[in-house]
Amino acid sequence: MRRHSFKLVMPLILVEVYWIITYIIYRYGIIKYPFANDSRVLIFLTMCNLFFAMGYLIICHHKRKNCIQNVEMGIENGKKLLLISTIVAVILYIPNSMRYTGNWYPDVFNNLVNPGETYQKVIASVSENGMLRIFGFFDIFPFMIFPLMFIMWDFLKWKLKLASSVTAFGYLLLYCTGGRNMPILLFVLSVIVTYIVKMCSDRISLRTFIRDTLICVSSIVLVIVMFTMNLKSRTFYSDDVEEQMTITSVNQETNHSVNQETNHSVNQETNQGQNDETGVYLQYKDLIITIEQKEKCDEVAKIFPMYTNPYTKQYADPDNLLYKAIPDSAKFLCVMADAYASGSYHALSVALRLEHQWTYGIGFSEFLQDYLNMFTGIDIKSITYGSRVAHVTEPSMVSVYGWPTAYVQLAGDLTFPGVVVFMGGLGAVVALLWRDILEKKNVYGIPFVSQIALFLLFLPANCITFNSGGYFVTFWGTALIWLISLQKKIGRASCRERV
């Protein structure tokens, strides 16, 4: 009983611990953020976490009717869905290869040698040929292959095993040779989530455990290697960066004094709100970026610009104890992971101080905003929190190319108190989905739980699942498949009760 209870709440524990870690990294991590001590962010995030936990636990403790689930029928229907997904994915392989790699086949060697160049070439190719974007709306089919294949592997015939595994591997090659991290991350996340589902099964053989664990660990190593390699290539990172960071002190008092005197007259004319006497570089209400923060950011930018942000004046602090303790070979990965996981909380600080302006129900999705503007000329993006926070000061204290966190995107539609309540509903949905998979063995929930996991993983950063057409359709498509399966089960249960 206790073991089952732990399995029920395991996703809640994992998610809450992850969110808490992202905030701890934001406040005390390698990168020094100017608003890291903002109490409003701490209070807001705490409320969101509490409401998510309450919604989740309410569903966990709610007694559900003992509906008899026909597992064999579920597996057979899952096989049909896997077969359809495989066939469609094979048909779309060449167009997707053009979309991901710029070639009609994945040129593995050349693309992996310089993934940054491949990335730039693909971006230019997609921009010139807008038709390639259409194929993104069918990403749901290749995405569903691996989780369905992985969860039903022991029930599949060898022909379907072969076809689905070859197709899945073929798409993994596209993701790895395209120079982009998100497709690889989504693929690997589906592996990890499906692995957790399988490990929570009632019975699993030692052979299956060893095989699946090797697959999961290999996937994690793959995403770490590809993430590091892609970003290093794109940012022109060199191995001597860490050496320069080590020998360069951004806290030298002499440099600080010289920079203050040299930049005083220029900054007074160009930077609104800067005041050398008070040490303020930019200020919005009670949020302040100090001249000292700016100067330290500028010093680090001379070594490696990607370790800084010219708008927020955040920078990787070479004097940080954690940075010093990490081996040089891992420092780049850790700094980039810090920026991805926690950097968007900076925009949240500013957004919490702005007045609400409704975004007509589509503020959560850049995809919907772009297409509405394309077809109707209506501009919603300019009134979103994410856009407005970049214009509260001149120059901007929020990055114009950064992510504003999913909280900020959702707040345009719901308000910030509404986002807190929404988190309670989200927790309830996650618990309902997890119980359906764990207790009712609902195969149709497997693709959707991976999409939910991606949304929760990127919640501190942005609404990743809603910001592009491919991710948007995949998220809501897998959600619809799961909801239809729920409705059918409810219908069958009602029929049995009437009988």
Side-chain angles (χ1 to χ4, degrees), residues 7 10-22 24-25 29-30 100 108 112 115 142-151 153 164-165 168-201 204 206-234 237 322 326-342 434 437 446-461 464-465 471 474:
K7 290 178 181 179
M10 184 172 60
L12 174 64
I13 295 172
L14 292 175
V15 169
E16 293 283 356
V17 168
Y18 165 72
W19 286 340
I20 292 171
I21 289 174
T22 63
I24 292 174
I25 291 173
I30 296 172
Y100 280 107
V108 179
L112 289 180
F143 162 74
M144 288 195 298
I145 293 175
F146 192 89
L148 289 174
M149 176 186 69
F150 197 18
I151 199 71
W153 183 261
S164 57
S165 57
F169 181 75
Y171 271 87
L172 182 59
L173 281 180
L174 294 185
Y175 303 151
C176 290
T177 56
R180 288 188 283 183
N181 291 316
M182 289 305 107
I184 304 172
L185 179 61
L186 179 54
F187 184 93
V188 172
L189 191 62
S190 71
V191 175
I192 297 171
V193 172
T194 311
Y195 172 79
I196 293 173
V197 171
K198 293 190 75 172
M199 293 304 106
C200 289
S201 300
I204 186 169
L206 179 61
R207 178 182 176 183
T208 301
F209 172 76
I210 295 174
R211 180 196 67 203
D212 292 351
T213 301
L214 287 175
I215 292 173
C216 186
V217 172
S218 301
S219 299
I220 294 172
V221 172
L222 174 67
V223 76
I224 292 174
V225 171
M226 294 306 303
F227 180 85
T228 305
M229 186 171 67
N230 288 340
L231 282 182
K232 281 186 175 181
S233 179
R234 264 192 250 167
Y237 176 87
L322 180 60
I326 297 171
D328 285 355
S329 58
K331 284 179 177 176
F332 176 82
L333 175 63
C334 292
V335 173
M336 291 295 103
D338 185 327
Y340 270 84
S342 305
W434 183 249
I437 293 172
I446 299 298
F448 184 47
V449 75
S450 297
Q451 287 292 312
I452 283 285
L454 182 68
F455 177 76
L456 297 177
L457 178 69
F458 271 82
L459 196 67
I464 187 71
T465 51
Y471 287 126
T474 301

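- Taking every heavy atom of both residues into account, Thr228 and Phe332 meet most closely at O-CE2, 3.9 Å.
- The two atoms that bring Ala341 and Thr22 nearest to each other are O-CB, 3.9 Å, heavy atoms only.
- Rounded to the nearest 0.5 Å, atoms CG (Leu186) and CZ (Arg180) are 12.5 Å apart.
- Just one residue in the list Phe146, Phe169, Tyr171, Phe143 forms a ring pair (Phe, Tyr, Trp, His ring centres under 6.0 Å) with Phe187, and that residue is Phe146.
- Taking NZ of Lys7 as the start and CD1 of Ile196 as the end, the distance is 13.0 Å to the nearest 0.5 Å.
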Review point. Run the side-chain contact (heavy atoms from CB on, under 4.5 Å) check on Ile326 and Ile30 step by step: do they pass?
Key: CA-CA 10 Å; Ile326 297 171; Ile30 296 172; 3.6 Å; yes
Exercise for review: Assess whether side-chain contact (heavy atoms from CB on, under 4.5 Å) is satisfied between Asn181 and Met336, documenting all intermediate values.
Suggested key: CA-CA 12 Å; Asn181 291 316; Met336 291 295 103; over 6 Å; no
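- Rounding to the nearest 0.5 angstrom, the gap separating the CG atom in Leu206 from the CZ atom in Arg211 is 11.5 Å.
- From Ser190, atom OG reaches atom CZ of Phe150 across 9.0 Å, with rounding to the nearest 0.5 Å.
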Practice item. Could you please spell out the steps behind the side-chain contact (heavy atoms from CB on, under 4.5 Å) verdict for Tyr175 and Met182? Key: CA-CA 9 Å; Tyr175 303 151; Met182 289 305 107; over 6 Å; no
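- Between the CG atom of Leu189 and the CD1 atom of Ile184 there is a distance of 13.5 Å, given to the nearest 0.5 Å.
- The nearest pair of heavy atoms linking Leu456 to Tyr18 is O-CE2, 4.0 Å.
- For the atom pair Cys334 SG and Leu322 CG, the distance stands at 7.0 Å (nearest 0.5 Å).
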Would you give me the side-chain donor-acceptor pairs under 3.5 Å for residues 214-224, sequence neighbours excluded?
from: Ser218; atom 1: OG; to: Leu214; atom 2: O; distance (Å): 2.7
from: Ser219; atom 1: OG; to: Ile215; atom 2: O; distance (Å): 2.8

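- Within the 4.5 Å cutoff, the side chain of Val15 has no heavy atoms near those of the Leu459 side chain.
- Partner Phe227 forms a side chain to side chain contact (heavy atoms under 4.5 Å, CB included) with one of Leu231, Asn230, Val225 and no other, that one being Leu231.
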Practice item. Would you sort out whether Lys198 and Thr208 count as a side-chain contact (heavy atoms from CB on, under 4.5 Å), showing the intermediate values? Key: CA-CA 9 Å; Lys198 293 190 75 172; Thr208 301; 4.2 Å; yes
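- Applying the side-chain contact (heavy atoms from CB on, under 4.5 Å) rule to Val197 yields the partners Ile151, Trp434, Ile437, Ile446; only residues at least two apart in sequence or on another chain are considered.
- Taking the six-membered ring for Trp, Phe458 and Tyr471 have ring centres at least 6.0 Å apart.
- Listed here is the closest heavy atom pair of Met226 and Cys176: CE-O, 3.0 Å.
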